[in-house]
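Structure record follows, encoded as structure tokens.
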Amino acid sequence: MVRIEKTDKVTAGGVELRNHMILAAGILGTTGASLNRILNLGAGGVITKSIGPEPKTGHHGPTVCVLDGAVMNAMGLPNPSSNFVSELDAIEDIGSKPVIASIFGGNPEDFSKVASWFAGRVRGFELNVSCPHAEGYGAQIGCNPDLVYDCTKAAVKAAGGLPVWVKLTPNVTDITASAKSAERAGASAVVAINTVKAMRISTELRRPMLGNGTGGLSGPAVFPIAVRCVWDLYEAVKIPIIGCGGVMTADNVVEMMMAGASAVEIGSGVLGLSGVNIFKDIAAELYADAGEGKDTVKAEDIIGCAHEY
Amino acid sequence: MVRIEKTDKVTAGGVELRNHMILAAGILGTTGASLNRILNLGAGGVITKSIGPEPKTGHHGPTVCVLDGAVMNAMGLPNPSSNFVSELDAIEDIGSKPVIASIFGGNPEDFSKVASWFAGRVRGFELNVSCPHAEGYGAQIGCNPDLVYDCTKAAVKAAGGLPVWVKLTPNVTDITASAKSAERAGASAVVAINTVKAMRISTELRRPMLGNGTGGLSGPAVFPIAVRCVWDLYEAVKIPIIGCGGVMTADNVVEMMMAGASAVEIGSGVLGLSGVNIFKDIAAELYADAGEGKDTVKAEDIIGCAHEY
Amino acid sequence: MNTERNEKNGRNNGSLKAIPSEIVRITRVIDETPSVKTFEFDKDFEFKAGQFCMVWVPGVDEIPMGLSAANAITVQKVGEATEALFKLNAGDKIGIKAPLGNGFSIGNGGRVLAIAGGVGAAPLRPLVRSGRCTTFLLGSRTASEILYGDELAQGTDLRIATDDGTKGHHGFVTDLMKEVDLLSYNSICVCGPEIMMRGVLRLLKEKSEDTNTDLVSRGQFSLVRYMKCGVGICGSCCLDPEGLRVCRDGPVFAGDIVEKSREFGTYSRDASGSRTMPGGH
Amino acid sequence: MNTERNEKNGRNNGSLKAIPSEIVRITRVIDETPSVKTFEFDKDFEFKAGQFCMVWVPGVDEIPMGLSAANAITVQKVGEATEALFKLNAGDKIGIKAPLGNGFSIGNGGRVLAIAGGVGAAPLRPLVRSGRCTTFLLGSRTASEILYGDELAQGTDLRIATDDGTKGHHGFVTDLMKEVDLLSYNSICVCGPEIMMRGVLRLLKEKSEDTNTDLVSRGQFSLVRYMKCGVGICGSCCLDPEGLRVCRDGPVFAGDIVEKSREFGTYSRDASGSRTMPGGH
Ligand SMILES: Cc1cc2nc3c(=O)[nH]c(=O)nc-3n(C[C@H](O)[C@H](O)[C@H](O)COP(=O)(O)OP(=O)(O)OC[C@H]3O[C@@H](n4cnc5c(N)ncnc54)[C@H](O)[C@@H]3O)c2cc1C
Ligand SMILES: Cc1cc2nc3c(=O)[nH]c(=O)nc-3n(C[C@H](O)[C@H](O)[C@H](O)COP(=O)(O)OP(=O)(O)OC[C@H]3O[C@@H](n4cnc5c(N)ncnc54)[C@H](O)[C@@H]3O)c2cc1C
Ligand SMILES: Cc1cc2nc3c(=O)[nH]c(=O)nc-3n(C[C@H](O)[C@H](O)[C@H](O)COP(=O)(O)O)c2cc1C
Ligand SMILES: Cc1cc2nc3c(=O)[nH]c(=O)nc-3n(C[C@H](O)[C@H](O)[C@H](O)COP(=O)(O)O)c2cc1C
Ligand code: FES
Ligand code: FES
């Protein structure tokens, strides 16, 4: 297996991380204590639950279906809005921690308002313009490159110099269009992908398995889709790409990086065999000392390397 | 399990089928003898390999990767073009057989030319405007609702009264847009879905696993995506919908139908445990005599029934 | 920490296993009390006492419920989903994801003390049914709210307290703890309103100090937090300050873990993740 | 039909298992003849003689090759991908999907006759290596094209024919069939150019008629067809008139199946699916 040389410093999209594996937005990110725990369990960085301009209770259940090799969810962006700010107090020594606030809104003003709440407290922002099952939010922005531009611009301004990542939806004809908008608007990185539009039906109950009807797919099933998106983005934008979608193993991390990712996010992976130890377990397999094994390489040497085939 | 009442006659999208399970395009459809075999092994209908205006040898290998729970391919639409017409001679008594010709082209003229070769010989056409990895063909048409309209119109005209199905790509922001175009242009049904854009990379070789680089995903991994597309289409068009993508079991067939499909196509399923016996095995589980078991229902009573939840 | 034990049962190999919602048919509805019903269904789940399930009430919601038997849940009507459940009859279908969470760990044998308040008796009932419960202290508002009729009394040494004195001791269930020799139990399994569980914990602490014996960590508390996913991915049920997931790392936590929780008995979070009053059965 | 046997090994449960291309490192390249090399790699595959692999030549193509050992393929240079393979050295990496197809079925024991033409000896070699080949008839264009040096002679009763008479019998391998008592063999395993295999089949038929014994179905023929996927999904390798997949239902077919094939020895299909001349090693 290809392994990555241990280094003191991993930086991706302007954020200093502890390793290449970041907790994805909406996964165990409802409380500060949980984010703190995941950091302690070895995540390279953590992203909060997506926070919006008003509190939302989210969709009725079932909100999550765990399928074989995939997760399907329709949470509906539940979040306590500005009440979340005090959650961050539970993160020990937050100033030195790679904590990224995921934010969403319905228009540029929302993004700038929500970003301003967190501006001093976190190391960066991730804009959720890509949730496939929230009316008026998420993907309804991400499908429109002009709106992506405006929202990114507003968030960058409100971010007070902190890096802004834009998380993209794969549910579009051309994912590079929104990525280019984000890049032009000053984003420090794009993140790909949010969940893939999906639905399952209980044949016995004759109704959708999710309370919301439709939802978004994540986990191993979408890994090949995510790799493809990262690949296409690598050829389209110059800003770094953060890979997300179905990462479960150290080799998956390497694969994402070879497609063009500077780091990866892990969400559904916490339901794998390692559970919340996935970050630690992957790191143990992924990193090696320089010269340990002939397939040990520098991270920067493999980012996007498969494009030169 | 919900089972379907046996009937003498299954009709979907204007084609008389032997049951609800049709062999998908490009799967074991290169030769007439193979199509004949799959019919004999219990398929409700068969669709040929997609045939285009000129012979194509397709992409270099690897052309197919069998992953856990998914298949990824980039065949590149290999086909012998008009030479394929004589393949149909190998199908015994073809006049009475549910054989559908899959055709593709780069413009309306191509579609009408290729359709005309088969007009007397088959029971219907499926237009492949959705292959995600063939320059200038397939999805490059399917992403453009106007082109879908023109190509469908041309094929309908050349089809001499035979039903024309239009097979859609999920790799678009809104799958219902092309579906509505197809409907307006006179299509008898839409088929959803073709493969989902995807890629895998061999980390050891540092290059894409497919000879073509990128490819299309099929099999169980895409089933929730396909169900979602069928669901959305059911709310958008009045013509029948043929479900395709990841169908492996009798319950999957029922689920597709509850989402809105009048019949299903099976492709990657031939690599499951049943192999090419999948049609027969599913039928054995799916069909029951009226009154046999309390969950035995008429097919027409479950098509789209989950929408009334 | 409980979680490590739960989750380190295999090497990370990239696989992710389904947790299906099994569609079951309700076979019997038992009116336990005016506000509580037991729903039996046509499938037995393998489980450990204290494990729970997510109950899909079609068209309404999916909510967590302790398994009160391999094929049953015992539900108190408190709001939308539980009201909808109450309208269901034998023959109706619901979805059950089970077993979830960790359950009580009582090793093999030893003396087990169960302490329940109200519908908190539900997840403790399987201990009695399997004959592993030595003593059961059951608190209830009033006589008519006592669950499971005579069933518990037949399988264990049952002692009852009611707030209004209509049955058993007149007072709180915690009062009953003075009647028994706490030191003689290997496990003390607790489930009920959080305020009551806080009382139990306090008594265990006092007794521990008095006797110089660690009774706190013999205590096992089944917690309730707002659960959206029930499977450990969403984070809605996490407990301060450790961030443990009640659905996956719990719902049962050892007394020493609970003791460290600054939110236990003080606050919890609602559907949006905002802080609110604590839950509990 | 072979396929039913292969595929009915489990109930359809909706699962689909990966067929990975294992990346192996070439450990040794052996020049067998001017146009044939054997490539050994650093991984052993479990396989049955006659099964094949898909060889991923990075940047070029993926092509079918018989396994000439658990860790080896023997390749004749004929075009783009095989030329690219010939440029590889020890240390280079290729991908191998194996084992694919069905292999020769020779039951347990019995007398086995192998008949090979040219590089067709490759998939028959494992029979010799495992000591199960009684007699081996090997045809070749000329002495220098004979594969595997003395290895075959050491493990079996090897008889050679060359077109130009530079070694062994001067003539075709089919001539050698007259030297042996065909009736004495339980299995007759054949691999080579299709024209040669047609010759073998004809002789088996004649002998069958002469002796009133079914020798044809003792024959097992390893066929070559254009393979794109190698795993049984694309249809490029299907054989008329039955539509059997050479990659999955074969590549080894019993003589009676081959006899029915109207395309055997007559035509095959190219990469586009158009009919062309037959292939064969
Ligand atoms: C592990 C666990 C086991 C439980 N076991 C039982 C049991 O055996 N019997 C029983 O009667 N109750 C049990 N509960 C409590 C039960 O889940 C709630 O009473 C139920 O969810 C209320 O739903 P509702 O729609 O009727 O109420 P709502 O109208 O939604 O709200 C009423 C109150 O119920 C609580 N609640 C609502 N939804 C949830 C939810 N998804 N998760 C947690 N709390 C919620 C909230 O605190 C709310 O204030 C258990 C809870 C947990 C976490
Ligand atoms: C089951 C099986 C086992 C085989 N075992 C061996 C073996 O052990 N040793 C050996 O030397 N050869 C073997 N072959 C033949 C080998 O696959 C071809 O020689 C090889 O694919 C040629 O590739 P190329 O790119 O060099 O030739 P090309 O330049 O592509 O074409 C040369 C000829 O090779 C044939 N060919 C090309 N590609 C394929 C393909 N994908 N599938 C089948 N035929 C193809 C065509 O008939 C073509 O005319 C086997 C073939 C099959 C089907
Ligand atoms: C339960 C759940 C909740 C999620 N919530 C959010 C969210 O609030 N904001 C967001 O941007 N993405 C959210 N996502 C998407 C994930 O962050 C991630 O993009 C996706 O799950 C793919 O990665 P994975 O396969 O590693 O899970 C959520 C995913 C899941 C499964
Ligand atoms: C090897 C392979 C070849 C395919 N060739 C075609 C094709 O020629 N034309 C077409 O319309 N779809 C083609 N498809 C797509 C399938 O018809 C089908 O839409 C897709 O595989 C999803 O269904 P499944 O999950 O049942 O395989 C091909 C799929 C595979 C796996
Ligand atoms: S309820 Fe989602 S993590 Fe516990
Ligand atoms: S090569 Fe694809 S089916 Fe045989």
Side-chain angles (χ1 to χ4, degrees), chain B residues 26-38 40 49 55-58 60-71 73 75 78-81 83-84 86-87 90 202 204-205 207 209 211 219-220 248-252 267-278 281-282 285, chain D residues 1 3-4 6-25 54-63 80-81 93-95 97 226-245 248-249 262-263 269-275:
Chain B
I27 311 295
L28 302 177
T30 309
T31 74
S34 176
L35 292 165
N36 191 57
R37 178 184 185 213
I38 302 297
N40 288 341
K49 176 74 200 160
K56 271 169 77 79
T57 53
H60 274 181
T63 55
V64 171
C65 298
V66 186
L67 312 170
D68 265 316
V71 173
N73 92 84
M75 303 297 301
N79 81 95
S81 192
N83 285 332
F84 185 77
S86 61
E87 285 292 340
S202 162
E204 279 165 292
L205 293 181
R207 59 164 59 244
M209 289 187 187
M248 300 290 289
T249 67
D251 200 51
N252 291 163
S268 308
V270 303
L271 296 184
L273 279 180
S274 288
V276 289
N277 294 310
I278 185 166
D281 286 358
I282 288 186
E285 214 182 324
Chain D
M1 216 175 293
T3 175
E4 318 269 333
N6 287 344
E7 299 193 327
K8 247 349 220 188
N9 48 2
R11 235 177 79 77
N12 173 29
N13 64 355
S15 70
L16 196 155
K17 278 186 56 186
I19 307 175
S21 191
E22 306 265 0
I23 308 304
V24 301
R25 206 178 276 276
M54 289 298 287
V55 182
W56 178 9
V57 191
V60 186
D61 207 345
E62 191 185 39
I63 52 170
E80 197 190 352
K93 291 177 187 172
I94 55 176
K97 284 179 194 153
Y226 203 96
M227 290 185 179
K228 285 181 172 280
C229 75
V231 296
I233 193 172
C234 76
S236 75
C237 66
C238 293
L239 204 63
D240 292 341
E242 305 251 27
L244 294 171
R245 295 161 299 179
R248 177 94 183 241
D249 307 313
R262 66 171 172 253
E263 79 170 78
R269 289 178 181 81
D270 65 14
S272 76
S274 295
R275 292 193 189 181

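Below, read A as the first sequence line, B as the second, and so on, with proteins coming before strands; counting in each chain starts at 1. Given the structure is predicted, the values throughout are model-derived calculations rather than measurements.
Across D:Gly235, D:Gly230, D:Ser15, the residue that shares the most heavy-atom pairs under 4.5 angstrom with chain B is D:Gly235. Ranked by non-hydrogen atom pairs under 4.5 Å with chain D, the options B:Leu35, B:Thr30, B:Ile278 are led by B:Thr30. Interface check for chain B: of the options D:Gly59, D:Ala81, D:Pro20, the most heavy-atom pairs under 4.5 Å are formed by D:Gly59. Counting heavy-atom pairs closer than 4.5 Å to chain D, the top-ranked of the candidates B:Thr63, B:Leu205, B:Ile27 is B:Leu205. In terms of non-hydrogen atom pairs under 4.5 Å with chain D, the most contact-rich of B:Pro78, B:Pro62, B:Ser34, B:Gly29 is B:Pro62.
With a 4.5 angstrom heavy-atom cutoff, D:Val57 does not touch chain B via any of its atoms. Using a 4.5 Å cut-off between heavy atoms, D:Pro58 contacts chain B through both its backbone and its side chain. At a 4.5 Å heavy-atom cutoff, B:Asn36 makes no contact with chain D through either its backbone or its side chain. With a 4.5 Å cut-off on non-hydrogen atoms, B:Ile282 touches chain D through its side chain but not through its backbone. In this structure, the portion of B:Leu67 lying under 4.5 Å from any heavy atom of chain D is its backbone and not its side chain. Heavy atoms closer than 4.5 Å to chain D are found nowhere in B:Ser81, neither backbone nor side chain. Contact annotation for B:Ala250: neither backbone nor side-chain heavy atoms come within less than 4.5 Å of a heavy atom of chain D. For chain B, the nearby part of D:Arg262 is the side chain; its heavy atoms alone come within less than 4.5 Å.
Looking at B:Leu271 and D:Val231, their side chains come closer than 4.5 Å, going by heavy atoms from C-beta outward. Side-chain contact between B:His60 and D:Lys228: absent, with no pair of heavy atoms (C-beta onward) separated by less than 4.5 Å.
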>> Run the side chain to side chain contact (heavy atoms under 4.5 Å, CB included) test on D:Leu16 and B:Ser268 for me, step by step, so that the C-alpha distance in whole Å, both residues' side-chain angles and the decisive distance to 0.1 Å come before the verdict.
In response: CA-CA 9 Å; D:Leu16 196 155; B:Ser268 308; 4.2 Å; yes
> Under the side chain to side chain contact (heavy atoms under 4.5 Å, CB included) criterion, do B:Met209 and D:Ser21 qualify, and how do the steps go?
Replying inline: CA-CA 9 Å; B:Met209 289 187 187; D:Ser21 191; over 6 Å; no
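The two residues B:Val270 and D:Arg248 make their nearest non-hydrogen contact at O-NH1, 4.3 Å. Shown here for D:Lys97 and B:Val64, the closest heavy-atom pair between the two residues is NZ-O, 2.7 Å. Residues B:Thr249 and D:Asn13 come closest through the heavy atom pair CG2-C, 4.1 Å.
In terms of the salt bridge (Lys or Arg N to Asp or Glu O under 4.0 Å) criterion, B:Lys49 has no residue partners (sequence neighbours excluded). With sequence neighbours excluded, the residues forming a salt bridge (Lys or Arg N to Asp or Glu O under 4.0 Å) with D:Arg275 are B:Glu87, D:Asp240, listed by chain and number.
In this structure, D:Lys93 NZ and B:Ser202 OG are separated by 7.5 Å, a value rounded to the nearest 0.5 Å. Taking CG of B:Asn79 as the reference point, atom OG of D:Ser274 lies at 8.0 Å (rounded to 0.5 Å). In this structure, the separation between NZ on D:Lys17 and CG on B:Asp68 is 8.0 Å, given to the nearest 0.5 Å. Atom-to-atom distance recorded for B:Thr31:OG1 and D:Glu263:CD is 8.0 Å, nearest 0.5 angstrom.
Looking only at distances, a side-chain donor or acceptor of D:Asp61 sits under 3.5 Å from a matching main-chain atom of B:Gly61.
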